[in-house]
Amino acid sequence: MFEQIKPAPPDPILGLTEAFKADPHPKKINLGVGVYKDAGGQTPVLASVKAAEERLLRSEHTKNYLPIDGQPEFDSVTQELLIGADHPLVRAGCVVTAQAPGGTGALRVAGDFIASTLGRRTVWLSDPTWPNHPGVFGAAGLPTATYPYFDKQSNGVNFAGMLAALHTIPVGDVVLLHGCCHNPTGVDLQPEQWDEVAAVVAGRGLLPVVDFAYQGFATGLREDAAGLHALLQHCTTVLVASSYSKNFGLYNERVGALTIVAPSAEQAKTALSHIKRVIRANYSNPPAHGAQVVSLVLNDPELRQLWEREVGEMRDRINGMRHLFVETLHEQGVEHDFSFIARQRGMFSFSGLTPDQVKALRERHAIYVVGSGRISVAGMTAHNMDYLCAGIADVLKTAK
């Protein structure tokens with residue numbers, strides 16, 4: 001039966017990592033995968049996480065299943081981090097949360113929920129967007145389309161094009177918005193732009209879904225939620241897919257959540273019943289360990305203070321690498337202006353490198369970048385910066 005099956009194409013990002021691991025080059029650099037690296041090029045376990053795990057190990061007494069929607073403590077701290085425990089919508093019971101296996105799992109649950117309760121709605125994605133977005137929503141049976149977002153000339157947001165497109169989206173369709181640290185461009189909306197977008201989304205009767213995978217990595221934990229809060233000011237219904245992979249470093253624990261804001265507590269409760277239904281038919285109930293870590297850290301004042309400091313250190317390191325990258329390229333004699341990279345936020349940037357230049361970087365220097373030219377700034381270190389920038393200078397010079 002399997003003789004008729006042809007090999008599937010490799011994932012454009014994870015497949016790149018597989019090729020990187022197989023490369024014997026001693027100076028190879030992976031700027032493809034979206035995983036935080038410290039100054040030593042390692043993905044660390046946060047001290048706050050390790051301390052929480054030690055406490056959990058001493059107190060753990062069961063490996064029983066979690067509820068379908070996860071631990072109530074985890075759901076509560078997620079709402080507090082995203083919206084605020086004292087927010088009127090939270091106090092009124094209009095916000096419900098279901099734990100999910102990572103941010104990707106939360107997006108898939110959102111897709112299944114939309115498809116099974118609202119019907120076949122088109123999901124509108126930014127151009128460009130995370131390459132997995134079309135696949136996740138397509139697997140849920142939802143068609144996707146795009147709206148303009150990135151302006152290659154200014155290396156900023158094509159805000160006029162974005163607004164014009166939002167005004168044409170059919171009523172009832174779904175608009176996916178990146179909460180902060182836009183993946184792959186690193187270019188975010190300004191607060192006043194968020195207000196305009198939120199007003200158009202509400203006025204058109206669109207359903208906003210916020211992919212919020214990088215809270216804390218742009219400006220600050222609270223500041224990064226400004227876009228979400230703008231939507232809450234205008235829209236009566238909002239879906240938020242959030243992740244603790246980045247800001248807690250819990251990549252392999254798969255800790256995420258789908259949060260729904262509804263017009264009333266009754267509607268929120270009804271929505272949660274359907275969320276639990278689609279979860280039950282998918283993975284039944286979520287994994288426990290990572291969510292227990294998050295709950296303990298966010299509920300313990302001492303551990304929370306330590307965690308917030310660690311998030312700030314990760315954010316500062318990434319921003320520091322952006323500036324060092326721009327400076328080192330200049331020192332290498334690169335005439336092209338890369339200063340826009342220092343102004344962007346989060347783990348990713350659009351470098352402007354062409355597919356041919358990306359290929360040359362990999363073949364001649366063992367520097368691995370996604371074909372679109374997206375680079376993971378978190379993969380840069382002070383130790384590999386000279387080699388990285390020399391390689392880029394080489395391929396840019398050859399391309400002339």
Side-chain angles (χ1 to χ4, degrees), residues 66-72 74-76 78-79 82-83 89-90 92-126 129-130 132-147 166 169-179 198 200-213 228 231-232 234-243 256-286:
L66 294 185
I68 295 175
D69 53 346
Q71 302 167 342
F74 172 83
D75 297 341
S76 295
T78 295
Q79 294 175 19
L82 293 174
I83 302 174
L89 290 169
V90 174
C94 297
V95 183
V96 291
T97 298
Q99 186 185 334
T104 305
L107 288 168
R108 177 57 191 269
V109 171
D112 287 340
F113 166 71
I114 293 168
S116 64
T117 59
L118 304 180
R120 188 177 172 84
R121 307 290 179 98
T122 298
V123 180
W124 292 79
L125 309 170
S126 66
T129 194
W130 182 43
N132 207 24
H133 278 148
V136 169
F137 290 106
L142 297 173
T144 58
T146 61
Y147 58 85
L166 292 179
I169 295 177
V171 174
D173 273 2
V174 180
V175 176
L176 186 134
L177 300 162
H178 297 234
V200 173
V201 169
R204 292 288 302 168
L206 308 177
L207 174 61
V209 175
V210 182
D211 188 347
F212 208 1
L228 172 59
L231 289 170
L232 297 179
H234 293 270
C235 304
T236 59
T237 307
V238 181
L239 275 63
V240 187
S242 56
S243 169
L258 176 63
T259 297
I260 295 183
V261 180
S264 69
E266 182 180 358
Q267 291 183 45
K269 185 177 180 180
T270 299
L272 182 60
S273 71
H274 286 279
I275 292 293
K276 291 164 72 172
R277 175 180 56 81
V278 299
I279 288 175
R280 177 61 174 156
N282 189 342
Y283 52 87
S284 188
N285 53 80

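No hydrogens, no waters, no symmetry mates; every other heavy atom, side chains included, goes into these values.
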Would you check if Tyr283 and Val109 make a side-chain contact, meaning some heavy-atom pair closer than 4.5 Å? yes

Partners passing salt bridge (charged side-chain N to carboxylate O under 4.0 Å, His left out) against Asp112 (at least two apart in sequence or in another chain): Arg108

Name all residues meeting the side-chain hydrogen bond (donor to acceptor under 3.5 Å, both in side chains) criterion together with Asp75; count only those two or more places apart in sequence or in a different chain, and write none if there are none. none

For Ala98 versus Ile275, what's the shortest heavy-atom pair and its separation? CB-CG2, 3.7 Å

Flag, side chain of Ser76 to backbone of Pro72, donor-acceptor distance under 3.5 Å: yes

Applying side chain to side chain contact (heavy atoms under 4.5 Å, CB included), run through Trp124 and Val209 and close with a yes or a no. CA-CA 10 Å; Trp124 292 79; Val209 175; over 6 Å; no

Can you check side chain to side chain contact (heavy atoms under 4.5 Å, CB included) on Leu118 and Leu207, steps first, answer last? CA-CA 11 Å; Leu118 304 180; Leu207 174 61; 3.9 Å; yes

Indicate whether the side chain of Ser126 and that of His133 have a donor and an acceptor atom separated by less than 3.5 Å. no

Which residues pass the side-chain hydrogen bond (donor to acceptor under 3.5 Å, both in side chains) test with Thr122, not counting sequence neighbours? none

Quick one: does Arg121's side chain have a donor or acceptor within less than 3.5 Å of a partner on Gly172's backbone? yes

Rounded distance [0.5 Å steps], NZ in Lys276 versus OG in Ser284: 12.0 Å

Less than 4.5 Å apart, side chain to side chain, heavy atoms only: is that true for Val95 and Ile83? yes

With the side chain counted from C-beta on, respond yes when Tyr147 and Leu177 share a heavy-atom pair under 4.5 Å apart, and no when they do not. yes

Can you confirm whether Asn132 sits close enough to Thr104 that some side-chain heavy atom of one is under 4.5 Å from a side-chain heavy atom of the other? yes

Which residues satisfy the side chain to side chain contact (heavy atoms under 4.5 Å, CB included) test with Pro67, sequence neighbours excluded? Asp69

Working to the nearest 0.5 angstrom, can you tell me the gap between Ile114 CD1 and Asp173 CG? 10.5 Å

One pair to check against side chain to side chain donor-acceptor pair (under 3.5 Å): Asp211 and Trp130. What are the steps and the verdict? CA-CA 10 Å; Asp211 188 347; Trp130 182 43; over 6 Å; no

Working to the nearest 0.5 Å, report the span between CG of Leu176 and OG1 of Thr129. 6.0 Å

Taking distance alone, no hydrogens or angles, what donor-acceptor pairs closer than 3.5 Å link side-chain atoms of residues 258-270 to residues at least two apart or in another chain?
residue, atom, partner, partner atom, Å
Thr259, OG1, Thr97, OG1, 2.9
Ser264, OG, Gln267, N, 3.1
Thr270, OG1, Glu266, O, 3.0

dist Ile169:CD1 -> Leu166:CG (nearest 0.5 Å) comes out at 5.0 Å

Residue list, side-chain hydrogen bond (donor to acceptor under 3.5 Å, both in side chains) with Arg277, at least two apart or on another chain: Ser116, His274

Those residues that, when tested against Leu66, pass side chain to side chain contact (heavy atoms under 4.5 Å, CB included) (two or more places apart): Gln71, Gln99, Pro286, Ala288

Acceptor/donor pairs from residues 134-143 side chains to any protein atom, 3.5 angstrom cut, sequence neighbours excluded:
none

side-chain hydrogen bond (donor to acceptor under 3.5 Å, both in side chains) against Thr144, all qualifying residues, sequence neighbours excluded: none

Of all the heavy-atom pairs spanning Phe74 and Ala257, show the shortest one and how long it is. CE2-CB, 3.9 Å

Atom pairs and distances, donor-acceptor, side-chain atoms in residues 235-243, under 3.5 Å, two or more places apart:
residue, atom, partner, partner atom, Å
Ser243, OG, Ser245, N, 3.0
Ser243, OG, Ser245, OG, 3.3

